[in-house]
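Encoded as structure tokens, the structure appears first; notes follow it.
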Amino acid sequence: MTIKEFHEALKNKKTSVKGTIVSYLDKIKKENKNLNAYLEVFAEESMARAEDIDKRIEEGEEPLELLGVPIAMKDNILIRGHIASAASKILGNYVASYDAFVIEKLKKAGVIFLGRTNMDEFAMGSSTENSAYGPARNPFDSERVPGGSSGGSAAAVGGGLAMAALGSDTGGSIRQPAAFCGVVGLKPTYGAVSRSGLIAMASSLDQIGPIAQSVEDAETIFNIISGKDGLDSTSTELGDHGAKPQKRPGRQADKIGVPKEYFSEGLDLRIKKSIDDIIGKLSKDHEIIEISLPHTKYALDCYYIIVPAEVSSNMARYDGIRYGARQNAPDLLDVYKKSRGEGIGLEVRRRILLGTYVLSHGYYDAYYSRAQKVRALIKKDFDEVFKKPARDATPASNASRSDTGWHSVVGGVDVIVAPTTPSLPFKIGEKSDPLSMYLSDIYTIPANLAGIPALSLPIGKIDNLPVGMQLIAPHFGERRLFGLGREIEKMIK
Ligand code: GLN
């Protein structure tokens, strides 16, 4: 059942919360051994909450839309009184002393947390193989990865082990696993959802977002978890931004941009065909235009300077003293070395080293500052494509210079469509060198660098493996994503 179906059934007394929770717990018991989607299941707590909610409904309480909804939580989001390990050994015994902002909001809405889900350690990875607690598996083929880093959350929803889940997305960690597991995933606008209580990876990119079975469910969760929070100064009220699809007078159709850089070499041709089919169908009601985002080719390089830099700084707190399991040693430096050496896995270590290097004196300007400049150019590509053209603008007056030469700026695009991933879910162990793993986020990283919202939704299967399509909108354009997302959902039903 989707959240919406469950809510209807609950309102009409066709189902009980307890019955629903019992059936999820049963399924988890049977299937989680194989999937390894959950690191811990809050069985007793979930049952107690369910009984309490059923009682309240019996006594006449009108159910809110998320009341009693069983949700899985990525293990880097703090739930007071529960372990939050970020799938790292170093936080294996860390118990959260407060609720994340999103948890507070969901608790108020009456959600039931089924458990905490597997992920790549500290959210660094694209396959959940970097978990200190073993890889999670894809519900469609257990030889394959569910994607990552929110692989446990996506596998739980895709495999029917949760009605919905939360994940976090720094470079694709909600959208890529959503695509691999046949579910919907939203990376909100940077600042739309508070990061308070999210274990930080790269703070200028991290966002929490929903993973759900339908666009409508994702929207319902997003509406609850978004908004300004005093504990995250980058968070803001969504307000009316993009509340209504911003259509120009006299024209009802969206202008949909198809960026040629997202359809080039490296994309599985079968995925390309699936996306092209949808674009073909969309062209009946919308204006489709080819666009160029010329700095896309630098996105991965730029990301892998900025992310390690922020990671190296954010990871400094896990020293066995302030946070993390402590290994005792005769002097302080050895305590740090031993605690970090034993508690932190290889990929995280790689990024700490790389980040420390790019931030070091003498290299800062060559790497970090330059990457920030490239990031600004990547953002500018999107700004120009989304910019509403001035009435009298001609292509010539609207043209700009990039290092690829002059290109005329189209402008006025409402939503961009693209693949979410270049390949179908890959086999566990298949991508053993870091670079080939990094490449699986090539289409998702630019939206994080630009801070704009992006949604992945399932558009079908190839060889029984799910295919995801990505929709990208300007800042605070979440409503446009939901609108077009629902339209595409209807097309494929
Ligand atoms: N796979 C990307 C990385 O390893 C993205 C991770 C994420 O979004 N948390 O950095």
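Atoms within each ligand, like the ligands themselves, are counted from 1 in listed order.
Regarding atom 6 (C) of ligand 1, its nearest protein heavy-atom neighbour is Ser173 OG, 2.8 Å. The nearest protein atom to atom 10 (O) of ligand 1, hydrogens excluded, is given as Tyr303 OH, 2.6 Å; this is a heavy-atom distance. The shortest contact between atom 4 (O) of ligand 1 and any protein heavy atom is with Arg351 NH2, 2.7 Å. For atom 1 (N) of ligand 1, the nearest protein heavy atom (residue, atom name, distance) is Asp441 OD2, 2.5 Å.
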Query - Criterion ring pair (Phe, Tyr, Trp, His ring centres under 6.0 Å) on Phe180 and Phe140, from CA distance to verdict - result: CA-CA 9 Å; Phe180 278 9; Phe140 289 85; over 10 Å; no
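The only option from Thr170, Asn314, Asn448 that meets the side chain to side chain donor-acceptor pair (under 3.5 Å) definition with Asp206 turns out to be Thr170. The side chain to side chain donor-acceptor pair (under 3.5 Å) with Ser126 is formed by just one residue from the set Thr444, Asp441, Thr421; it is Asp441.
Here's the thing with Asp169: none of its N/O atoms is less than 3.5 angstrom from an N/O atom of ligand 1. An N or O contact shorter than 3.5 Å is missing between Met124 and ligand 1 by distance. An N or O contact shorter than 3.5 Å links Ala123 to ligand 1 by distance. Polar contact with ligand 1: present for Gly125 (N/O pair, distance under 3.5 Å).
Near Gly171, meaning under 4.0 Å from one of its heavy atoms, ligand 1 places the atoms 5 (C), 7 (C), 8 (O). Interface atoms of ligand 1 facing Met201, defined by a heavy-atom separation under 4.0 Å, are 9 (N), 10 (O). Proximity to Ser149 (heavy-atom distance under 4.0 Å) selects the following atoms of ligand 1: 9 (N).
Note: Tyr443 and Tyr262 have parallel aromatic rings, judged against thresholds of 30 and 60 degrees for the angle between ring planes.
Ion pair Lys228/Glu237 not flagged as a salt bridge, since none of the NZ, NE, NH1 or NH2 atoms sits closer than 4.0 Å to an Asp/Glu carboxylate oxygen. With respect to the salt-bridge test (charged N to carboxylate O, under 4.0 angstrom), the residues Lys387 and Asp383 do not qualify. Ion pairing between a basic and an acidic side chain is recognised when a charged N comes within 4.0 Å of a carboxylate O; Lys107 and Asp99 show such pairing.
Under the 4.0 angstrom criterion for non-hydrogen atoms, Tyr304 is in contact with ligand 1.
Donor-acceptor pairing under 3.5 Å is recorded for the side chains of His82 and Glu45.
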